[in-house]
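Quick notes on the structure that follows.
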Amino acid sequence: MNILLCLSQLEVTGAETYAATIASELIKKGNKVFIASDTFSTKTEAKIFCIKFNKRSLFSRISHIYKLVKLIKKYKIHLANSNSRASSWPLEIATKICNIPHIATIHGRQSKKSISRLIFKAFGDKTIAVNEELKKHLCKDFYVKENQIIVLKNGIDIDKYNNYSNIQNFHNQNQDQGIQKFKKKKICIIGRLSGYKGFIIKRLLEKVIDLDKYEVSILGGKEKDKIVISAFLEKINFIGYVKDVREYIYFSDIVIASGRALVEAIFMKKPAFVIGEELCFGKLTDENIYDAIKTNFGDFSCDSKKDKKLKFDINFNWEKIKVDFEKFVSEISNLKNTDLYFEKLFNICKKEFDLKIVAEKLEKIYQHEIVKKKKYEIPVLMYHRVIESDAEKGKHGIYVNKEKFVRHLKILKAKNFVPITFRDLEKIEPRNRFDKKYIILTFDDGYYDNYYTVFPLIKKFNIKIVIYLTNETYNKWDTENYKNNILGNEKNFSLLSIEQIKEMQLSGLVEFGGHTKTHHSLKNFSFEEEKTEILENKNYLENILGEKLVSFSYPFGEFTENSEKILKTVGYKFAVTTEYSGFCLSDNLFKIRRIAVMPKINIFGFLRKIKGNYIFRRMKRNKENIN
């Protein structure tokens with residue numbers, strides 16, 4: 001994908017760090033990332049463009065839109081993601097002009113006094129909130145629909161914070177620069193000095209921390225902003241803005257921070273005292289960490305009464321915070337099992353903030369929105385039988401005659417479709433799925449006509465297919481009186497023999513997948529029975545084929561709450577169903593919706609099914625939620 005990230009800031013902020021971090025990970029995953037910003041000083045491999053979003057006159061806004069449209073068209077941008085209010089407004093219009101999705105990532109409180117925000121909300125096709133409280137705020141104060149908002153935390157590269165190499169060298173080179181002036185317990189306060197954070201840091205130095213007792217270093221803020229703490233400069237180390245805080249965190253005994261910086265401290269296994277712009281959690285424990293995470297570690301509360309004029313001391317009981325801080329220092333000093341304490345916090349944060357997990361989720365959001373905007377997804381067709389004449393059909397109605405099937409194959413060739421298997425799909429990155437007109441043809445059950453009728457035709461047209469097999473030798477699930485499917489008096493139809501399966505596999509045109517051992521509905525089984533049905537079928541087929549299966553088809557399209565877990569455990573990568581899943585393949589690779597090809601289908605019906613937007617039209621007709 002070609003992705004455009006937009007943000008407006010005149011100094012290094014959490015949004016800039018977020019954009020740079022996400023951009024690097026998305027580039028690693030094979031995407032091309034472009035960044036448009038007023039200033040962008042953080043190192044990144046993304047291509048940077050200067051658009052002064054903070055200039056907000058009408059003429060400037062029109063200029064921003066013009067520049068964005070030009071940039072989107074020139075670099076063939078698939079999706080744009082705003083990370084600030086000022087950039088979201090022109091981007092909302094530019095993306096509509098270019099007909100691409102706009103994702104709006106919201107990092108902080110939105111002003112209810114902003115007329116432009118209330119009238120022209122510009123929250124995109126999908127809104128990402130970086131914490132749960134922020135989502136509540138958007139729903140409550142701006143009436144954003146809950147299903148439009150996804151909570152996705154700031155991604156942090158954990159490996160980077162576990163890698164302490166060269167930190168000792170850094171320390172040796174810089175120990176004369178004020179990092180360790182005194183032999184006291186070292187406290188590192190991280191946060192910018194502008195706005196509310198500056199006010200909080202000033203109060204910490206004024207009312208909480210004994211500057212004669214501790215060595216205090218302040219990380220963050222520009223040189224001009226240190227006037228906020230000018231009264232304390234002789235007793236503290238003002239480090240200011242640094243591109244990498246790891247070294248300072250590493251040599252600190254206690255970190256006081258909020259937001260992203262607090263998570264970085266946890267990943268470096270440092271004792272953390274949480275105080276943000278709006279809430280103070282104090283000592284971070286495995287009991288309060290979930291509430292802390294919901295508020296981005298104190299930086300945001302939906303119920304906050306914070307005053308614009310910084311008269312919000314009433315939100316903080318500074319005397320209590322001082323007592324809690326001294327108690328925290330004492331507890332940390334006497335903590336015997338530090339590994340256990342940090343391990344719990346580390347593991348909790350890893351699930352929420354691990355960059356690889358966050359980037360993977362973000363990429364899926366991007367893919368989902370691109371598919372929704374294009375209203376196109378790879379068609380996955382479902383066939384069963386292809387018969388020569390009506391004499392071959394039974395009561396089981398899913399078949400097409402040979403003449404129609406030949407016409408289907410001719411259409412696919414004439415329209416330059418590229419039929420692939422799921423093994424092929426595994427090698428095609430989702431971001432590259434639209435490079436060609438891919439399609440997947442699947443056949444359930446493996447009837448004998450798949451060999452005698454289908455196989456010669458796909459060899460003639462050089463078209464790949466996927467066939468799902470059971471362990472049965474004939475259609476026992478139809479002919480016998482199973483609870484899950486009573487047809488009665490159905491004919492016996494032979495299924496593919498082992499020799500036929502091997503021959504078809506050797507052609508390179510047929511991929512086989514699992515379909516359970518006996519073709520019962522999985523809803524009829526206990527967990528262990530379901531696992532046995534799936535695993536014995538997989539082992540049986542892999543022994544025949546001499547290779548691992550990658551995809552599975554649910555009998556009757558039915559699955560249980562355990563099905564996906566079992567399929568992943570035994571090694572499947574994909575699973576197909578019928579009417580139970582969404583429209584985007586990457587949303588859930590174990591609930592891929594197929595399009596049934598039925599006996600009465602005409603050519604126009606077939607053309608609609610392979611167009612790529614069939615599922616969207618079907619969902620709209622059935623009044624299913626497309627979101």
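Just so it is clear, the structure is predicted and the values come from calculations on it, not from any experiment.
Using a distance-only test at 3.5 Å, with no hydrogens or angles considered, a donor-acceptor pair links the side chain of Ser24 to the main chain of Ala20. Between the side chain of Asn296 and the backbone N or O of Asp299, no donor-acceptor pair lies under 3.5 Å. Judged by distance alone, with hydrogens and angles left aside, the side-chain atoms of Thr577 form a donor-acceptor pair with the main-chain N or O of Gly557 at under 3.5 Å. A donor-acceptor pair under 3.5 Å is formed between the side chain of Asn347 and the backbone N or O of Glu343. Using modelled atom types, no side-chain atom of Asn613 and backbone atom of Phe616 make a donor-acceptor pair closer than 3.5 Å. Under a 3.5 Å cut-off, the side chain of Gln148 and the backbone N or O of Gly124 do form a donor-acceptor pair. Glu278 places a side-chain N or O within donor-acceptor distance of the main-chain N or O of Ser301, the cut-off being under 3.5 Å. Counting only distance, with no hydrogens or angles, the side chain of Asn288 and the backbone of Thr285 share a donor-acceptor pair below 3.5 Å. Looking only at distances, a side-chain donor or acceptor of Asn31 sits under 3.5 Å from a matching main-chain atom of Leu26. With hydrogens and angles ignored, the 3.5 Å screen pairs no side-chain donor or acceptor of Asp286 with any backbone N or O of Lys344.
For Phe552 and Phe559, the gap between ring centers reaches or exceeds 6.0 Å. Taking the six-membered ring where the residue is Trp, the centroids of Phe346 and Phe267 are separated by under 6.0 Å. Aromatic ring centres of His368 and Phe583: separated by under 6.0 Å.
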Test salt bridge (charged side-chain N to carboxylate O under 4.0 Å, His left out) on Lys283 and Asp324 and set out the steps. CA-CA 8 Å; Lys283 175 187 175 182; Asp324 290 345; over 6 Å; no

How far apart are the C-alpha atoms of Ile275 and Phe316, what are their side-chain angles, what is the distance that settles it, and do they pass the side chain to side chain contact (heavy atoms under 4.5 Å, CB included) test? CA-CA 10 Å; Ile275 181 167; Phe316 295 90; 3.9 Å; yes

Let's go through Arg593 and Ile615 carefully: what are the C-alpha distance in whole Å and the side-chain angles of both, what is the deciding distance for side chain to side chain contact (heavy atoms under 4.5 Å, CB included) to 0.1 Å, and is it a yes or a no? CA-CA 8 Å; Arg593 186 193 296 233; Ile615 287 175; 3.7 Å; yes

For the pair Asp38 and Lys55, evaluate salt bridge (charged side-chain N to carboxylate O under 4.0 Å, His left out) and give the outcome as yes or no after the intermediate values. CA-CA 9 Å; Asp38 300 78; Lys55 292 188 175 181; over 6 Å; no

Could you walk me through whether Met268 and Arg246 satisfy the side chain to side chain contact (heavy atoms under 4.5 Å, CB included) test, starting with their C-alpha distance in whole Å, then the side-chain angles of each, then the deciding distance to 0.1 Å, before giving a yes or no? CA-CA 8 Å; Met268 293 194 74; Arg246 289 180 303 163; 3.8 Å; yes

Apply salt bridge (charged side-chain N to carboxylate O under 4.0 Å, His left out) to Glu377 and Arg617, showing your working. CA-CA 12 Å; Glu377 183 56 287; Arg617 291 188 290 107; over 6 Å; no

Mind running salt bridge (charged side-chain N to carboxylate O under 4.0 Å, His left out) on Lys373 and Glu369 for me, showing each step along the way? CA-CA 6 Å; Lys373 181 68 73 172; Glu369 292 305 311; over 6 Å; no

For Tyr366 and Asn81, what are the C-alpha separation, side-chain angles and deciding distance, and is it a side chain to side chain donor-acceptor pair (under 3.5 Å)? CA-CA 9 Å; Tyr366 287 171; Asn81 188 170; 2.6 Å; yes

What do the steps show when you test Leu138 against Tyr143 for side chain to side chain contact (heavy atoms under 4.5 Å, CB included), and what is the final call? CA-CA 6 Å; Leu138 295 173; Tyr143 311 106; over 6 Å; no

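At a cut-off of 3.5 Å, with distance as the only test, no side-chain donor of Gln110 or Asp141 sits close to an acceptor on the other residue. Between the side chains of Lys197 and Ser258, a donor-acceptor pair is found at a separation under 3.5 Å. Between the side chains of Ser8 and Ser84, a donor-acceptor pair is found at a separation under 3.5 Å. Side-chain N/O atoms of Glu564 and Asn588 include a donor and acceptor closer than 3.5 Å. Side-chain atoms of Glu133 and Thr295 include no donor-acceptor pair closer than 3.5 Å. Between the side chains of Ser586 and Gln367, at least one donor N or O lies within less than 3.5 Å of an accepting N or O.
Side-chain contact between Lys140 and Cys302 is present, with heavy atoms from C-beta onward closer than 4.5 Å. Within the 4.5 Å cutoff, the side chain of Leu91 has no heavy atoms near those of the Ile65 side chain. Lys52 is listed as a side-chain neighbour of Cys50, based on a closest heavy-atom distance under 4.5 Å. Looking at Leu607 and Lys611, their side chains never come closer than 4.5 Å, going by heavy atoms from C-beta outward. Contact annotation: the side chain of Phe422 approaches that of Val576 to within less than 4.5 Å [non-hydrogen atoms, C-beta and beyond]. Contact of the Arg260 side chain with the Ile156 side chain is registered, since non-hydrogen atoms from C-beta on lie closer than 4.5 Å. The closest side-chain heavy-atom distance from Leu355 to Ile158 is not below 4.5 Å. Side chains of Val130 and Thr105 form a contact here, defined as non-hydrogen atoms less than 4.5 Å apart.
When every heavy atom of Asp157 is checked against every heavy atom of Lys28, the shortest pair comes out as OD2-NZ, 4.4 Å. The two residues Asp225 and Ser194 have their closest heavy-atom pair at OD2-CB, 4.4 Å. In terms of heavy atoms, Ala15 sits closest to Asn83 at CB-O, 4.0 Å. When every heavy atom of His102 is checked against every heavy atom of Thr95, the shortest pair comes out as CB-OG1, 3.4 Å. Residue Lys226 comes nearest to Leu193 through the heavy atom pair CA-CD1, 3.7 Å, listed as atom of the first residue, atom of the second, then distance. The shortest non-hydrogen separation linking Val245 to Glu264 is CG2-OE1, 3.5 Å.
Here the straight-line distance linking atom OG of Ser551 with atom CZ of Phe590 works out to 10.0 Å at 0.5 Å rounding. Between the CD1 atom in Ile321 and the CZ atom in Phe281 there is a gap of 12.0 Å [rounded to 0.5 Å]. Note that OG of Ser63 is 10.0 Å distant from CZ of Phe53, once rounded to the nearest 0.5 Å. The CD1 atom of Ile100 lies 11.0 Å from the CD1 atom of Ile3; values are rounded to the nearest 0.5 Å. Rounding to the nearest 0.5 angstrom, the gap separating the CD atom in Glu25 from the CD atom in Glu363 is 9.5 Å. Rounding to the nearest 0.5 Å places CD1 of Ile566 at 10.0 Å from CD of Glu561.
The aromatic rings of Phe325 and Phe273 stand perpendicular to each other, their planes meeting at an angle above 60°, with 30° marking the opposite boundary. Relative ring orientation between Phe123 and Phe142 is described as perpendicular, the plane-to-plane angle rising above 60° on a 0-90° scale split at 30° and 60°. Ring planes of His107 and Tyr18: perpendicular class, angle over 60° (limits at 30 and 60°).
More than 12 heavy atoms of other residues, nucleotides or ligands sit less than 6.0 Å from atom CD1 of Ile48. Counting heavy atoms of neighbouring residues, nucleotides and ligands inside a 6.0 Å radius, atom NZ of Lys294 does not exceed 12 of them.
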